[in-house]
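These notes are about the structure you will find just below.
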Amino acid sequence: MNASEPLIAGPHQGLAYTELLARLSRAAAVQRYLEVGVAQGEVFGRIACRHAVGVDPEFTLKTNVAANKAKVSLFQVMSDTFFEHLNLRRDIGGRIDLAFLDGMHLFEFLLRDFMNTEAICRRDSIIAMHDCLPLAEPMVERDPMRAEERSLGTPHQGWWTGDVWKVVAILTKYRPDLDVMLVDAAPTGLVIVTGLDPASPVLKRRYPAIVEEFSAIPNDRAGIGRMYAEHRITPAEEALRRLSGRSYTHGRAGVLKRLLG
Ligand SMILES: C[S@@+](CC[C@H](N)C(=O)[O-])C[C@H]1O[C@@H](n2cnc3c(N)ncnc32)[C@H](O)[C@@H]1O
């Protein structure tokens, strides 16, 4: 091991994030799914739902992304462009039940993806964010090339989470109304947010000031260590159990399912 890899946390011991999301989509009977940052479609292909929506400026699909779905819509644009031009009814048919945000790994991008996604969710929807629980310092570099250089010869060679961990601190400070769960999904964690408020103006109104404030906060192990110290880490299986009671089947079948428990 390269001695110059300062570790921040031990490896996350829970289910792989791919497995957790795939199981969640079935357990919560998700109807409409959004993934920002699809790449090869490893997660997307495993999601079960009625309609899945993918956004990526450069799809590199290697899986059958239509598996387990009735309908798939792919938008080959940056997420900002997608949200800017989105007509909810016309383009994707309605609000999102489950979203997975895994696009650009810089905190100001993920913050925008979060606030834009929340606005097209319902109060009982789920937003999962990837890579917010980094393990070692090199992977949090904002520049992916620098992360690559610093991780050479370490057990995490080539890993890049960027500084999206800051979004946890931002939501904790500015959106205490949200339920933010840090989950030990391997390899770099999932942050799962519920108790959404699609009409909340807080993040949009304060976005420039928040970005300025959090750009000045060092992207280092002290800050990340504080995040770990201030939050409980929820085991992946427990997270799955807590979220599985939901059902997004809103038709007659869904009403029956809810009535019958
Ligand atoms: C880590 S990969 C996604 C992996 C995928 N979610 C999975 O787990 O199978 C990140 C993807 O984000 C995409 N990306 C980068 N910038 C983006 C942006 N501004 N909007 C949407 N996607 C973006 C990249 O093209 C890349 O395919």
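Both counts, for ligands and for their atoms, begin at 1 and track the order of listing.
Short contacts between ligand 1 and Val38, defined as distances under 4.0 Å to a heavy atom of the residue, involve ligand atoms 5 (C), 9 (O). Applying the 4.0 Å criterion to heavy atoms of Met78 picks out, from ligand 1, the atoms 19 (N), 20 (N). Listed by number with element, the atoms of ligand 1 under 4.0 angstrom from any heavy atom of Glu42 are 9 (O).
Listed here is the closest heavy atom pair of Ala128 and Leu21: CB-CD2, 3.9 Å.
Between Gly37, Gly41, Ser79, it is Ser79 that holds the heavy atom closest to atom 20 (N) of ligand 1. Remark: among candidates Pro57, Ala39, Gly54, the nearest residue to atom 23 (C) of ligand 1 is Pro57, based on non-hydrogen atoms.
Ranking protein heavy atoms by distance to atom 10 (C) of ligand 1, first place goes to Asp102 O, 3.2 Å. Protein heavy atom closest to atom 25 (O) of ligand 1, with residue, atom name and distance, is Asp56 OD1, 2.7 Å. Closest to atom 15 (C) of ligand 1 among all protein heavy atoms lies Met104 N, 3.9 Å.
Among Val211, Asp113, Ile170, the one residue that satisfies the side chain to side chain contact (heavy atoms under 4.5 Å, CB included) test with Glu108 is Val211.
The neighbour count for Met78 CE, taken as heavy atoms of other residues, nucleotides or ligands under 6.0 Å away, does not exceed 12. Counting non-hydrogen atoms of neighbouring residues, nucleotides and ligands closer than 6.0 angstrom, the CZ atom of Arg142 exceeds 12 such neighbours. Within 6.0 Å of CZ in Arg89 there are 12 or fewer heavy atoms belonging to other residues, nucleotides or ligands. Atom CZ of Arg90 has more than 12 heavy atoms from other residues, nucleotides or ligands within 6.0 Å.
For the pair Glu238 and Arg232, the salt-bridge criterion is met [side-chain N within less than 4.0 Å of a carboxylate O].
Only the side chain of Glu35 comes within 4.0 Å of ligand 1, counting heavy atoms alone; its backbone N, CA, C and O stay farther away.
Ligand 1 is approached by Tyr17 to a heavy-atom distance shorter than 4.0 Å. Close to ligand 1: Phe100, with a non-hydrogen atom less than 4.0 angstrom away.
Ring geometry, His130 versus His105: the interplanar angle exceeds 60°, so the pair is classed perpendicular (tilted spans 30 to 60°).
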